[in-house]
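Basis for what follows: all heavy atoms, side chains included, without hydrogens, waters or symmetry-related copies.
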Amino acid sequence: MQTLINICQLFSERWAFKFSPSKSHVLLYGKCQSNTIDRFFLYGSEIPIVKSTKHVGILLESSFNSMEQTMNACHMLRATTISIMNSGVHPAILNTSTCLKIVNQLAYTRALYGCELWNNLTKSELLLLERAHRFVCKAVQGLPKRSRSDKCTSLLGWLCIECYIDKCKLLFFGRLCRLNSTHLPKQIMMARLLEFKYTCVDNQLGFIPDMYRLFIKYNLLQYVVNLIELGSFPSKIVWNNVVSQNIHKTEQLKWLERISNDSDFNFFKLIHPVIKLHKAWIIAKRYPDLRVASKYIIDLCAIVRIETEQLLCEKCGKLFSNVLEHILCSCDFVLDYRNEMWRDIININPIQFSVYMDSLSSLEFTATLLSCDTIYELDDDESIVFSKLCVQHVYSTCKLFKMLIISDNQNCLIMFL
């Protein structure tokens, strides 16, 4: 080790620059103790032996413990988001799509810097990162902290933060694979990959084993086989598309499995059955004057659910278990508003669309209005008209009731004033 340091010292002296001994550190990986290791010197000054240090902005731990790094990332993500919100980038002031772009560019790029090299994260670390991710998701949309996380993230079209980290790792691996074979990083990566494939090293740790886990998780192993056997690898655009599609497909299946086993999502599954940006946010971006109404639709999607016991409507005297289904489909108090909504639906071409909407059950009809979307094939212009119609009429009809929704410990109390 000292011989290598001497080579660096001679090189610096030859080219008239100096390394800083005080800023240089020695990390002892493994079970070796610092009192049994020889001291190292640079320009006659001793290089300190430390347990952790930063290299190009990435925290390195001699014990391979990444908890401090994870805690720093969580703190950075939360603190940067709060700072952005306090500066005026808030859903109450700006469009949510604009807030998303700013938060992604500032908070996530800072907090997850170097995540391509984060290996072997524990379940506790992933949980801490996921909690910070959920906090940001709810803050950007202006939703209560106790809103169900699977609802909030899917309404934005966001996947879990582990998927974001995995995508960064896979894209980084693609950049290495596309390097020319004469480049040293490509040669080191291929050597480590072949060592792992043919089990040349026992208990191999680091980047390659972690990548192999991701190849199996997202069904990408065939691309690595082609790289080793044929030396071929997809282009940048193709690889980015393949990685994005496979990650989204895998996470979509896990998300559907989670919400299928939870009764709180029985109504939400009809409103938002896939992970994608809700149409209300798209309408808010296209029609800024409907930003408040669009935010109201998102609030309804996130907190309203089917009650286990029937409630009595003080406006019309009918019993109901789903307040929105009652308001939008059967309450006599808003009959005039409902007739106006149906007139607008009938005006949407083709005329068969209004027949299709009338054929839906009351629950399906309510879910369609809240989703601001329909499985009926409309052209792009008519689809936007329908989404805008849903935002306007749901907001105006519910506001007529002066409905106050108070979320407390994940329970919705509905009061009619």
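Ring pair Phe265/Phe268 is perpendicular by interplanar angle, where above 60° counts as perpendicular and below 30° as parallel.
Around the OH atom of Tyr337, the shell of radius 6.0 Å holds no more than 12 heavy atoms that belong to other residues, nucleotides or ligands. The environment of NZ in Lys186 is crowded: more than 12 heavy-atom neighbours from other residues, nucleotides or ligands sit within 6.0 Å. The local environment of OH in Tyr212 is sparse, with at most 12 non-hydrogen atoms from other residues, nucleotides or ligands closer than 6.0 Å. Counting heavy-atom neighbours within 6.0 Å of Met67 CE, excluding the residue itself, gives a total above 12. At most 12 heavy atoms of other shown residues, nucleotides or ligands fall within 6.0 angstrom of atom OH in Tyr198. No more than 12 heavy atoms of other residues, nucleotides or ligands sit less than 6.0 Å from atom NZ of Lys249. When the shell of 6.0 Å around CZ of Phe267 is examined, it contains more than 12 heavy atoms from other residues, nucleotides or ligands.
Side-chain atoms of Ser97 and Asn95 include a donor-acceptor pair closer than 3.5 Å. Side chain to side chain, Glu257 and Asn261 fail the donor-acceptor criterion of an N or O pair below 3.5 Å. Looking at Glu125 and Ser66, their side chains do bring a donor and an acceptor atom within 3.5 Å of each other. Under the 3.5 Å distance criterion, with hydrogens and angles disregarded, a donor-acceptor pair is assigned to the side chains of Lys167 and Ser244.
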Ring pair (Phe, Tyr, Trp, His ring centres under 6.0 Å), that's the test. Do Phe215 and Phe173 meet it? Break it down for me. CA-CA 11 Å; Phe215 298 144; Phe173 178 81; 5.0 Å; yes

Evaluate the criterion side-chain contact (heavy atoms from CB on, under 4.5 Å) for residue pair Gln392 and Asp344; output intermediate values, then yes/no. CA-CA 11 Å; Gln392 291 175 323; Asp344 290 341; 5.9 Å; no

Could you walk me through whether Trp158 and Leu100 pass the side-chain contact (heavy atoms from CB on, under 4.5 Å) check? CA-CA 11 Å; Trp158 280 10; Leu100 285 179; 3.2 Å; yes

Given side-chain contact (heavy atoms from CB on, under 4.5 Å), test Ile375 with Tyr356 step by step and report yes or no. CA-CA 10 Å; Ile375 60 175; Tyr356 162 76; 3.1 Å; yes

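Taking the six-membered ring where the residue is Trp, the centroids of Phe365 and Trp342 are separated by under 6.0 Å. Between Phe386 and Phe353, the ring center distance clears the sub-6.0 Å criterion.
Checking side-chain atoms of Ser354 against main-chain N and O of Ile346 turns up no donor-acceptor pair under 3.5 Å. Panel note: side chain Asn72, backbone Glu68; a donor-acceptor pair is recorded below 3.5 Å. Side chain of Ser154 to main chain of Lys151: a donor-acceptor pair is present (N/O by atom type, distance under 3.5 Å, no hydrogens or angles). No donor-acceptor pair closer than 3.5 Å links the side chain of Thr368 to the backbone N or O of Thr374. With hydrogens and angles disregarded, no donor-acceptor distance shorter than 3.5 Å links the side chain of Glu46 to the backbone of Phe40. Between the His133 side chain and the Leu159 main chain, a donor and an acceptor come within less than 3.5 Å of each other.
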List the atom pairs, donor and acceptor, that lie under 3.5 Å between side-chain atoms in residues 234-242 and the rest of the protein, sequence neighbours left out.
from   : atom 1 : to     : atom 2 : distance (Å)
Trp239 : NE1    : Leu170 : O      : 2.9
Asn241 : ND2    : Ile237 : O      : 3.3

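By the 4.0 Å N-to-carboxylate-O rule, Glu130 lies too far from Lys123 to be salt-bridged with it.
Every residue meeting the side-chain hydrogen bond (donor to acceptor under 3.5 Å, both in side chains) condition with Thr53, not counting sequence neighbours, appears here in chain and number order: His25.
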